[in-house]
Amino acid sequence: MNSHAMNRTFISQLGPEVLGKAVMVEGWVHEIKRLKSVDFIMIRDKTGIAQVTVKKDSPLKGFNLESLNRESVLKVKGLVPEKQISRNMIEIAATDIEILNRSAAPLPLPVAENIESDLETRLNNRFLDLRRHENYSIFEVKSSLLWGIRTFLHSQGFIEVNTPKVVASSTEGGADLFKVKYFEMDAYLNQSPQLYKEILISSGFERVFEVGPAFRAEKHNTTHHLNEFTSVDIEMGFSDHEDAMLMLEGAVKSGIENVVKSSTRPSTSSSTSLNVPEIPFPRIEYSRCLELVQAAGEKIEFGSDFSPEQLRIIGDSYPGFYFITKWPSELRPFYTMVDPDDETLSNSFDLQFREREITSGAQRVHDPEMLRNRFLKKGLKPADFDFYLNSFLYGMPPHAGWGLGLERLTMILLDLKNIRETSLFPRDRTRIVP
RNA sequence: GCCCCGAUAGUGUAGCGGUCUAUCAUACGGGCCUGUCGAGCCCGUGACAUGGGUUCAAAUCCCGUUCGGGGCGCCA
């Protein structure tokens with residue numbers, strides 16, 4: 001830290017102990033109020049808002065209040081008066097104001113006003129939108145959440161890895177991939193680190209996790225899908241789906257604990273779900289969910305996925321986090337282990353929060369012959385996946401893992417209506433800028 | 001990909017055939033004002049996405065285009 005930063009005080013740190021003392025704060029002009037005998041400048045940094053007062057008779061060099069716009073960047077030195085007149089924020093009597101940079105006016109988006117703008121307008125001017133504390137706090141929560149998950153996984157002997165996002169072939173065959181030019185070759189943006197983290201299990205890493213982008217070229221248009229999202233993935237050797245579920249609920253609990261502990265309280269409307277959940281989460285078998293949904297009068301047969309409406313029915317019975325386990329084999333990707341007791345089922349699970357899916361996981365197939373057959377059954381060419389299959393030929397341990405959508409989890413914790421709010425610069429069907 | 005819906009000042013909105021030289025709030029510019037704190041008061045600037053059509057008359061009705069929203073499918 002340099003001497004400049006050391007002189008600066010964050011606004012939230014201006015407490016009773018600074019009364020009568022000289023301070024220096026830096027930030028943006030939140031609001032200006034000019035009265036006859038005194039001018040007020042609300043200054044905002046990422047921690048809070050303070051009121052800078054300038055008496056009309058106080059000569060401030062290099063300072064021209066008349067031409068000062070909102071959102072200009074200031075460095076203010078001043079005295080914090082013993083006698084505070086301001087009712088809801090700390091007051092600083094300015095002795096020196098330096099305009100570090102000016103803002104243009106009018107703003108394309110209100111920062112200080114309580115006017116709701118369309119998400120479209122907000123995203124087009126995201127840099128300004130994020131100056132609002134309630135929006136910043138979403139990313140504070142997301143960061144704390146991830147930190148808590150990372151801490152937990154480290155405590156369980158996982159190491160964090162990074163695998164390629166530019167790949168030659170599809171992971172699961174199903175989801176659409178973004179095609180990119182890679183010199184003279186065709187390549188794709190990876191939809192999941194699945195194959196690579198499994199290879200690392202063959203490499204003897206035993207426990208790995210990765211936090212990285214995943215790309216899905218699906219033309220969905222919903223409030224809970226992004227074409228680029230942050231996937232938290234784990235894979236663990238000598239383990240099955242039960243082990244993976246233990247890790248998952250532990251990680252989620254640890255993440256939320258960290259949010260509750262460290263957040264400066266999200267100012268988002270309703271953060272009712274921000275209680276540390278009890279573990280273990282309920283484990284509900286797919287067949288049980290099927291009964292539940294059928295009992296509610298829905299038409300669904302074994303082998304079908306649940307519609308949003310049907311997930312709502314299940315969610316009503318299990319408010320909070322719960323696992324749906326033992327999914328039909330045919331609904332799962334080729335690398336999913338079948339249930340040895342019932343070939344039609346798989347050792348798989350989804351983590352749900354009410355009607356929302358957050359995580360998908362399973363024990364994986366580790367027998368190369370079985371894997372080859374699964375490829376064929378799903379209509380995939382094993383030859384395209386030699387780089388992956390080869391790692392199964394020379395000693396691949398049984399293993400399991402999961403992938404968690406970080407934006408989904410953040411959205412759920414903060415009860416946000418649109419997943420785009422949880423991505424700094426979301427990529428959806430039509431948006432690649434900014 | 002399918003099905004609904006929408007587009008009015010910087011921002012968010014009202015208006016849904018003539019009374020629209022278009023409402024309100026806020027921002028912005030100017031002025032006033034016991035230190036304001038969701039400040040207040042006065043004045044001002046500023047908009048009907050786009051092309052065609054119907055009509056004596058279109059922000060308003062119809063069609064196309066562009067852009068956007070929601071739901072479904074698929075998934076994390």
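The sequence lines fix the lettering, A, B, ..., with proteins before strands; numbering per chain opens at 1.
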Would you please say whether a donor-acceptor pair under 3.5 Å links the side chains of A:R431 and A:N124? yes
Rounded to the nearest Å, what distance is computed from the CZ atom of residue A:F321 to the C1' atom of nucleotide B:A76? 14 Å
Contact pattern, 5' to 3', of nucleotides 66-72 of chain B - B, S or - by protein heavy atom under 4.0 Å: --S-SBB
Expressed as a whole number of Å, how far does the P atom of B:G71 sit from that of B:G64? 25 Å
With nearest nucleotide decided by heavy atoms, which residue, A:R87 or A:L226, maps closer to the 5′ end of RNA chain B? A:R87
Charged N-O contact under 4.0 Å between A:E71 and A:R44: yes
Looking only at atom C1', what distance separates B:G46 and B:U21, rounded to whole Å? 15 Å
Grab the CZ-P distance between A:R131 and B:U11 for me, whole Å please. 17 Å
Just the rounded figure in Å: distance from P of B:G6 to CG of A:D118. 15 Å
Rounded to the nearest angstrom, tell me the gap between atom CG in A:N227 and atom P in B:G1. 13 Å
Rounded to whole angstroms, how far apart are CD1 on A:I32 and C1' on B:C33? 18 Å
Has A:D350 got a side-chain atom pairing as donor or acceptor with A:Q352's backbone, closer than 3.5 angstrom? no
Over all strands shown, is A:S231 touching base, sugar-phosphate only, or nothing at heavy-atom distances under 4.0 angstrom? nothing
Restricting to non-hydrogen atoms, name the atom on A:I115 and the atom on A:R132 that form the minimum distance, rounded to 0.1 Å. O-NH2, 3.5 Å
Under 3.5 Å for both distances, Watson-Crick or G-U wobble, that's the pair rule; now give the dot-bracket for RNA chain B, with | marking pairs to another strand and [ ] for crossing ones. (((((((..(((.....[.....))).(((((.......)))))....(((((..]....))))))))))))....
Excluding sequence neighbours, so at least two apart, what forms side chain to side chain donor-acceptor pair (under 3.5 Å) with A:R354? none
Do A:K377 and A:E330 meet the salt-bridge criterion of a basic N to acidic O distance under 4.0 Å? no
Go nucleotide by nucleotide along RNA chain B from the 5' end; which of A:R408 and A:N114 gets its closest nucleotide reached first? A:N114
Roughly how far apart, to the nearest Å, are B:A58 and B:G52 at atom P? 14 Å
Applying side chain to side chain contact (heavy atoms under 4.5 Å, CB included), name anything that partners A:D233, two or more places apart in sequence or on another chain. A:P193, A:K197, A:S231
So for A:Q51 and B:U36, does any side-chain atom that can act as donor or acceptor lie under 3.5 Å from a complementary atom in the base? yes
Across the strands shown, which category fits A:I358 at heavy-atom distances under 4.0 angstrom: base, sugar-phosphate, nothing? sugar-phosphate
When the distance from CG of A:D305 to C1' of B:A76 is rounded to whole Å, what number comes out? 13 Å
Output the single nucleotide from B:A76, B:C74, B:U11 whose closest atom is nearest the side chain of A:E357. B:A76
Calculate the interatomic distance between A:Q352 atom CD and B:C75 atom C1'; express it in whole Å. 12 Å
Short side-chain donor-acceptor distance under 3.5 Å, A:S144 and A:S262: yes
To the nearest Å, give me how far apart CZ (A:F40) and P (B:U36) are. 7 Å
What I want to check is whether the side chains of A:T230 and A:E407 have a donor and an acceptor closer together than 3.5 Å. yes
Could you report the tightest heavy-atom contact between A:I11 and A:I43, atom names first, then the distance? CD1-O, 3.3 Å
Which value, in whole Å, describes the distance between the P atoms of nucleotides B:U26 and B:G38? 14 Å
Under 4.0 Å protein heavy-atom contact, by nucleotide of nucleotides 27-32 of chain B - B base, S sugar-phosphate only: SSS---
When the P atoms of B:G30 and B:U54 are compared, how many Å lie between them, rounded to an integer? 49 Å
Students often mix this up, so state it plainly: with edges at 30° and 60°, are the rings of A:W327 and A:F306 parallel, tilted or perpendicular? perpendicular
Residue A:H225, side-chain heavy atoms: nucleotide from B:U36, B:C75, B:G12 that is nearest: B:C75
Say you pick atom P in B:U23 and the same atom in B:U45; how far apart are they, in whole Å? 12 Å
Between B:G6 and B:U60 - P atom distance, rounded Å: 13 Å
Is the shortest side-chain N to carboxylate O distance from A:R312 to A:E298 below 4.0 Å? no
Sorted by chain and number, sequence neighbours left out, side chain to side chain contact (heavy atoms under 4.5 Å, CB included) with A:E228 holds for A:P213, A:F215, A:R427
What interatomic distance, in whole Å, is found between P of B:C48 and the corresponding atom of B:C56? 26 Å
